[in-house]
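Worksheet for the structure shown next.
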Number of protein chains: 2
Amino acid sequence: MTRHLENDTAAPDAPQPTPTAARMCADERRLQIAAVAMRLFSERGFRGTTTKEIAQAAGVSEAIIFRHFATKEELYTAIIDYKGCGGAAQSSVAGRPEQPPVIDEIRGLVADAMEASDDLAVFQAVARHMLEHHEEDPEFLRLLMYIALENHSLGQVFWDKNVRVLYEFLGGYIRRRQREGAFRDVDPYAGVRVFLGSVIHHSLVNLLWDKDPARRIFRVTNEEAARQFAEILLRGIAADPDSINAKRAEAPKRTTRNREGGADVKNHRDKNKKR
Amino acid sequence: MTRHLENDTAAPDAPQPTPTAARMCADERRLQIAAVAMRLFSERGFRGTTTKEIAQAAGVSEAIIFRHFATKEELYTAIIDYKGCGGAAQSSVAGRPEQPPVIDEIRGLVADAMEASDDLAVFQAVARHMLEHHEEDPEFLRLLMYIALENHSLGQVFWDKNVRVLYEFLGGYIRRRQREGAFRDVDPYAGVRVFLGSVIHHSLVNLLWDKDPARRIFRVTNEEAARQFAEILLRGIAADPDSINAKRAEAPKRTTRNREGGADVKNHRDKNKKR
DNA sequence: AAGATGTAAGTAAGTACTTACTTTTGAGCG
DNA sequence: CGCTCAAAAGTAAGTACTTACTTACATCTT
């Protein structure tokens, strides 16, 4: 059910043939408000976004927002929670299957390559997956940066549930390959930091600083960037750098895990008093 | 001069050795307001900081702020301009020497090592310099991130005058060493991105996400981090990885996985106001 | 006295959030 | 089908408070 994620986000200046505000049921409206608010929050941050703007962008009156979310803060938290924390709190945006933390996707993506000890495939796939995710969903990184800067409490949750786990995951792989003699003796987390630093910095630069693709100082496709980052990292930590490309006899590809339809959370209307 | 940045925030009865901080000349006051405002802007962003808060933190009435800066926006711009753009606009904070762009410091810092083609020294020095700057002045990175997210017009200036130039500077060095046969044939900017990505991501993570030094997943001194990042990058792009340390006879070939803990407390003394 | 440094007390336009009220929906029932 | 009717979806117009910025006036230094 309810697949209309953000197709109805009321394009600001698009001509609307039907001025009818198209009455929605609660779950639809809640989802639509969240989608619109997410865009605005990611653009201007929590304090920079007003409930009035959200209401206008959603094409409803302000009171509607407060019927669906007790406070602006609750709306923000619901979005963060859904977007980055895999539904850590129960108050996530309803009507949408709980998406697994990003880390699980990555785990499945590189399982085969890891088993085959195809180092290049492992790191290239992770890099490419992250780069594509950041490019397809620019709201994600912006929201994350705002959360970190604004010291939102869910920032710690996101770090622990996603990034920290990813560090341990990749660090564990490096450690294993060190034991097998393939990598030299460096701190595994130094390698992970170099790798994730390259990837995340690349996305962040393209998103926030070097925005114009035509003027970019480092102009590559995601696939190309992923390959270069992975290659530099691997040569950097390899015991025998010339062996990096040796493994590439065949490319093991694995189909993406399908996600299952999920239970939804009802429109809970607890008017909890804040402050 | 002007050390009285926040020691005079309304302590009427406190014994003041100097004839109180009551009255300042315009330049002092302007500078003090800017310093206080910079701290607040870096903590909460432009929209999240109110002029009332700035006035209170500076120990003056709100009207004083608007005597020295026509608008809140002008105050913000003056700070950014002074802090990150080396006085691009003329309206920079007065009474302070125009500090040269960060890039010039770096140029001077590695000139000798570059001439000697001591690759490790070059990249290690740059990394260490940046890491220490970020640690000593946490306001800098936070302000930059806010500027980028909030799409402030001076963000582009900062990028062009500092980061882009740094990219070209390091990229040029890599290209030269490629011509000399020392580095393999990769896109020089890929190397710079990996390198700066590691360094900046490291600072950003420590500042925004993995804040507690005791809980950090990658716990190293700045010097150690700089060495590891430089080493991984150089082995990653070297034509002959075993030659990396050749120039430095005393450099340890085998890295010691130090997890001893006590060594990384350099100057964390200033972190006193955490929530 | 001049001129700069300072303040208390505004103002108009927001801000998040509420209240009182109207319209739409859809099931139950004759 | 047409009718009622309660619950849900919606709105206009508030409320109490904050915001950036001003005005009128006082105080210090030379």
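Throughout, a chain's letter reflects where its sequence line sits, starting with A, and its residues are numbered from 1.
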Separation of B/Glu62 atom CD from C/dG6 atom C1', in whole Å?
14 Å

For D/dA20, take OP1 and OP2 only and decide whether either is under 4.0 Å from a side-chain N or O of B/Thr51.
yes

Output the rounded distance in Å from CZ (B/Phe46) to P (D/dT19).
13 Å

Starting the side chain at C-beta, find the nucleotide from C/dT18, D/dT22, D/dT11 nearest to B/Phe66.
D/dT22

Side chains of B/Ile103 and B/Val163: does their closest heavy-atom pair fall under 4.5 Å?
no

To the nearest Å, give me how far apart CZ (A/Phe69) and P (C/dA16) are.
15 Å

When you get a sec, tell me which of D/dG10, C/dA8, C/dT18 is the closest nucleotide to the side chain of A/Ile64?
D/dG10

For the pair made of CD1 in B/Ile54 and C1' in D/dA20, what is the distance, rounded to whole Å?
11 Å

d(NE2, A/His68; P, D/dT11) in whole Å:
10 Å

Taking the side chain of B/Val60 as heavy atoms from C-beta outward, which of D/dG10, C/dT7, C/dG6 is closest to it?
C/dT7

A/Thr50 near the nucleic acid: base, sugar-phosphate alone, or nothing, with a heavy-atom cut-off under 4.0 Å?
sugar-phosphate

Listed nucleotide nearest any side-chain atom of A/Arg29, set D/dC21, D/dG10, C/dC17
D/dG10

Output the rounded distance in Å from CD1 (B/Ile33) to C1' (C/dT7).
13 Å

OP1 or OP2 of C/dT7 sitting under 4.0 Å from any side-chain N/O of B/Arg67?
no

Can you tell me the distance, in whole Å, between the CG atom of B/Asp27 and the P atom of C/dT5?
9 Å

Counting side-chain heavy atoms from CB outward, which of D/dA20, C/dC17, D/dT11 is closest to A/Lys72?
C/dC17

Taking A/Asp160 first and then B/Arg215, would you say they form a salt bridge - that is, a charged N and a carboxylate O separated by under 4.0 Å?
yes

For B/Phe46, is the NZ or CZ atom of B/Lys72 found under 6.0 angstrom from the centre of its six-membered ring and inside 45 degrees of the ring axis?
yes

Hey, could you give me the OG1/OH distance between B/Thr71 and B/Tyr76, rounded to the nearest 0.5 Å?
13.0 Å

Nearest-Å distance, CZ (A/Arg44) to C1' (C/dT15)?
15 Å

Hey, is the main chain of B/Met130 close enough, under 3.5 Å, to the side chain of B/His134 for a donor-acceptor pair?
yes

